[in-house]
Amino acid sequence: MSKKYLLWMDLESTGLSTSEDAIIEVAAVLTDTDLNELGQYESLVQLDAAGWERLMANDFVRNMHESNGLLAALRDPATAASLPEVADVEQTLLALVETTGDPESSVLLAGSGVSHFDHELLKTRMPALASRLGYATIDVGVMRRAYLMWTGGNLVSANDDKTHRSMDDIQCHLAEARAFRELFLASQRELAS
């Protein structure tokens, strides 16, 4: 049986259309199923004229990325010309996945909201990476909403620190996942005793 890994990803984009919007920032952290970090990658992504047009036309997204510094980073003349294109970012992410050393390993997409948005955007913008990922996703956002629904509170306050910058958000999702993992393991130990 092949070993399982989790590719924690967060994408920032020009909007919420998986067919029309572009990725502007990506971060990824590869972990084993015990949530030990094995490698990571983050990058801004070069935008073409159509991408800039969509970004500037979406008031909500533009305002969010003005306030978190992402828009300024994309416009920075010192780096803007050297930003990688999405195809180059995809190749780097594929190389990160292959550091597992096992081409048969199962790599599942993980994060918050990845089941509905990120996975679909990857299918459109990074199809080779999307095809390398397993069918299932590990979506900590689903666990968060279920926990809130059934308990009336949050397990952790990690999401209070979300900046809508890719690596910051992944670190929040990992903190939350570690708390859920510990809750599940404690429950299993209690049932076994």
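Here, residue 1 is the first one in the sequence, and each next residue gets the next number.
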Q: Could you walk me through whether E12 and R165 pass the salt bridge (Lys or Arg N to Asp or Glu O under 4.0 Å) test, one step at a time?
A: CA-CA 7 Å; E12 297 300 331; R165 292 298 304 260; over 6 Å; no

Q) Stepwise, does the side-chain contact (heavy atoms from CB on, under 4.5 Å) test hold for L6 with L30? A) CA-CA 6 Å; L6 304 174; L30 182 67; over 6 Å; no

Q) Can you list the steps and then say if N68 with T163 is a side-chain hydrogen bond (donor to acceptor under 3.5 Å, both in side chains)? A) CA-CA 6 Å; N68 68 13; T163 62; 5.7 Å; no

Q.
Checking E98 against R132 for the side-chain contact (heavy atoms from CB on, under 4.5 Å) test, could you report, in this order, the C-alpha distance in whole Å, the side-chain angles of both residues, the deciding distance, and whether it holds?
A. CA-CA 10 Å; E98 297 313 325; R132 176 61 175 87; 2.9 Å; yes

**Q.** Check against side-chain contact (heavy atoms from CB on, under 4.5 Å), L174 and E37
**A.** CA-CA 10 Å; L174 275 168; E37 294 186 26; 3.8 Å; yes

Q: Report the C-alpha distance between L121 and F117 in whole Å, list the side-chain angles of each, state the deciding distance to 0.1 Å, and finish with yes or no for side-chain contact (heavy atoms from CB on, under 4.5 Å).
A: CA-CA 6 Å; L121 190 58; F117 180 71; 3.7 Å; yes

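We find the CG-OG1 distance between L94 and T92 to be 9.0 Å, quoted to the nearest 0.5 Å. Distance NZ/K3 to OG1/T100: 9.5 Å, rounded to 0.5 Å.
The side-chain heavy atoms of L83 and V45, taken from C-beta on, include no pair separated by under 4.5 Å. Taking 4.5 Å as the limit, every side-chain heavy atom of L108 sits out of range of all side-chain heavy atoms of L7. Q171 is not listed as a side-chain neighbour of D168, based on a closest heavy-atom distance of 4.5 Å or more. Looking at heavy atoms from C-beta onward, R181 lies in side-chain contact with L185 at the 4.5 angstrom threshold. Contact of the V29 side chain with the Y41 side chain is not registered, since no non-hydrogen atoms from C-beta on lie closer than 4.5 Å. The side-chain heavy atoms of E25 and M167, taken from C-beta on, include no pair separated by under 4.5 Å. At a threshold of 4.5 Å between non-hydrogen side-chain atoms, the residues M9 and T137 do not count as touching. Between H65 and S13, the closest side-chain pair of non-hydrogen atoms is not below 4.5 Å.
Shortest non-hydrogen contact noted between D118 and S112 is OD1-O, 4.3 Å. The shortest non-hydrogen separation linking M126 to L93 is SD-CD1, 3.8 Å. Looking at every heavy atom in both residues, G113 comes nearest to D139 through N-OD1, 2.9 Å. Residue H119 comes nearest to Y135 through the heavy atom pair CE1-O, 4.5 Å, listed as atom of the first residue, atom of the second, then distance. Nearest heavy-atom pair across V61 and G15 is CG2-CA, 4.0 Å. Minimum interatomic distance between D32 and Y5 (heavy atoms only, all atoms of both residues): CA-CD2, 4.2 Å.
Other residues, nucleotides and ligands place more than 12 heavy atoms under 6.0 Å from the CD atom of E182.
Side chains of T124 and T18: no donor on one and acceptor on the other come within 3.5 Å.
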